[in-house]
Amino acid sequence: MFLGCLGCLDGFDNVTTNLSRGIIFGFTVMIVILTFGVVSGAHINPVVSIAAYIYGDLSGTMVLVYFIAQFTGALCGYGLLMAVAPQDYFNQALVDGYGSCVTAPHNSLTSAGALAIEFIVTGILIWACCGVWDPRNADQQNSVPIKFALLVAAISVAAGPATGASMNPARTLSPCIWNNSYHKIWIYFVGPPLAGVIMPIVYKYVFRRESNNIIEHIPAPPQEQVCVCILHNKESHVDKV
């Protein structure tokens, strides 16, 4: 949260762009996977944890533990950013829009349209996670960090101007709390979790197959639930109404 939102902050004689923010968040995700993928699966997104539970790869108890860690980590990360960066940058972002790194739908979008976009892009992310967790891909894990970096960057650049491409309630909630800015926050607590429930069910019962390819004397590498999502928005591309 700290690194991603730092890259979205207009300041220090730097003006960010949709492309730069997408790339920054994509490679932030890669760093997280490289660092914590082997430890916890790099679940920094509650929606991914919900999907992993439905998919059968995570227990209910661990889902609750992950929820606590995800929301606490997001709050601390953004709080750290506010502690070290000049407050004037955050104040200006509230003047220009809804706040630095706050996800909010573009004014041209209806609530239903924004909800649909968040559902669809989150669904894309979750299906990518399910593909990684598929037993047939157990021996195809080495390039997962860079694959998810590019996936997150692509989704971020595509959907960022429309909704902020959050896909992650924890990522959305933290800047809202610190900036006291809650414009249509409900969209990000309905669309992404709904995708996190529906998409793994579809993948599990339609696409998933057990792997029959067993290589003698070579144990398959452990399958990690390496999928995450924090996503990007600037100081919001919309004006207050």
Side-chain angles (χ1 to χ4, degrees), residues 1-9 14 16-52 55 57-58 66 69-70 73-74 77 81 101 103 117-118 120-161 163-168 170-171 192 195-196 199-200 203 207-209 211 213 215 218-234:
M1 197 71 191
F2 173 85
L3 186 60
C5 287
L6 176 61
C8 293
L9 185 64
N14 176 62
T16 64
T17 66
N18 183 53
L19 179 62
S20 72
R21 292 187 294 273
I23 292 173
I24 287 166
F25 259 110
F27 282 91
T28 297
V29 166
M30 183 183 71
I31 292 170
V32 173
I33 295 175
L34 287 170
T35 307
F36 297 109
V38 71
V39 177
S40 64
H43 283 217
I44 58 175
N45 186 343
V47 175
V48 172
S49 298
I50 292 172
Y55 201 73
D57 286 349
L58 198 64
Y66 278 27
Q70 288 152 354
L81 176 61
C101 219
T103 52
I117 289 173
E118 279 295 315
I120 292 168
V121 296
T122 306
I124 294 170
L125 174 72
I126 295 303
W127 266 9
C129 292
C130 292
V132 170
W133 301 335
D134 194 307
R136 292 169 293 182
N137 280 328
D139 60 346
Q140 304 293 328
Q141 302 295 311
N142 289 340
S143 61
V144 164
I146 189 62
K147 288 176 180 176
F148 272 100
L150 296 174
L151 172 67
V152 169
I155 294 174
S156 180
V157 171
T163 64
S166 171
M167 302 183 289
N168 183 340
R171 175 261 177 274
M199 294 308 192
Y203 190 99
F207 300 112
R208 175 173 171 164
R209 299 290 184 274
S211 177
N213 297 324
I215 302 175
I218 304 179
Q223 181 178 346
E224 299 295 342
Q225 299 164 0
V226 283
C227 180
V228 293
C229 181
I230 46 182
L231 262 192
H232 106 297
N233 195 336
K234 178 189 178 179

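What's counted below: heavy atoms across the whole structure, side chains too, no hydrogens, waters or symmetry copies. Index from 1, following the sequence.
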Minimal heavy-atom distance between G7 and I24, with the atoms involved, is O-CD1, 3.4 Å
Grab the two heavy atoms, one from P161 and one from N18, that are nearest each other, plus how far apart they are. CD-OD1, 3.4 Å
Between the CG atom in N142 and the NZ atom in K147, the distance rounded to the nearest 0.5 Å is 9.0 Å
Gap between atom CG of L150 and atom CZ of F27 - 0.5 Å precision: 6.0 Å
Residue pair I44, F36: steps toward the side chain to side chain contact (heavy atoms under 4.5 Å, CB included) verdict: CA-CA 10 Å; I44 58 175; F36 297 109; over 6 Å; no
S49 side chain reached by L58 side chain, heavy atoms, under 4.5 Å: yes
Heavy-atom side-chain proximity of E118 to T103 below 4.5 angstrom: no
Would you say the side chain of Y203 lies within less than 4.5 Å of the side chain of D134, judging by non-hydrogen atoms? yes
Determine the minimum heavy-atom distance between V157 and G22, stating which atoms define it. CG2-CA, 4.0 Å
Rounded to the nearest 0.5 Å, the CG atom of L6 sits from the CE atom of M1 at a distance of 12.0 Å
Please assess L151 against I124 for the test side chain to side chain contact (heavy atoms under 4.5 Å, CB included), listing each intermediate value before the final yes or no. CA-CA 9 Å; L151 172 67; I124 294 170; 4.2 Å; yes
Please walk me through it: do C8 and C101 pass disulfide bond (SG atoms under 2.5 Å apart)? CA-CA 6 Å; C8 293; C101 219; 4.3 Å; no
Give, for atom OG of S156 and atom CD1 of I23, the distance between the pair rounded to the nearest 0.5 Å. 9.5 Å
Is there a side-chain contact between V47 and L125, using heavy atoms and a 4.5 Å cut-off? no
Report the distance from atom CD1 of I146 to atom CD1 of I33, rounding to the nearest 0.5 Å. 9.5 Å
What is the minimum heavy-atom distance between A159 and V121, and which atoms define it? CB-CG1, 3.9 Å
Is any side-chain heavy atom of I50 closer than 4.5 Å to a side-chain heavy atom of Y55? no
Is N45 close to Q70 at the side-chain level, that is, under 4.5 Å between some pair of heavy atoms? no
Taking all non-hydrogen atoms of both residues, which atom of A195 and which atom of P200 are closest, and how far apart? O-CD, 3.6 Å
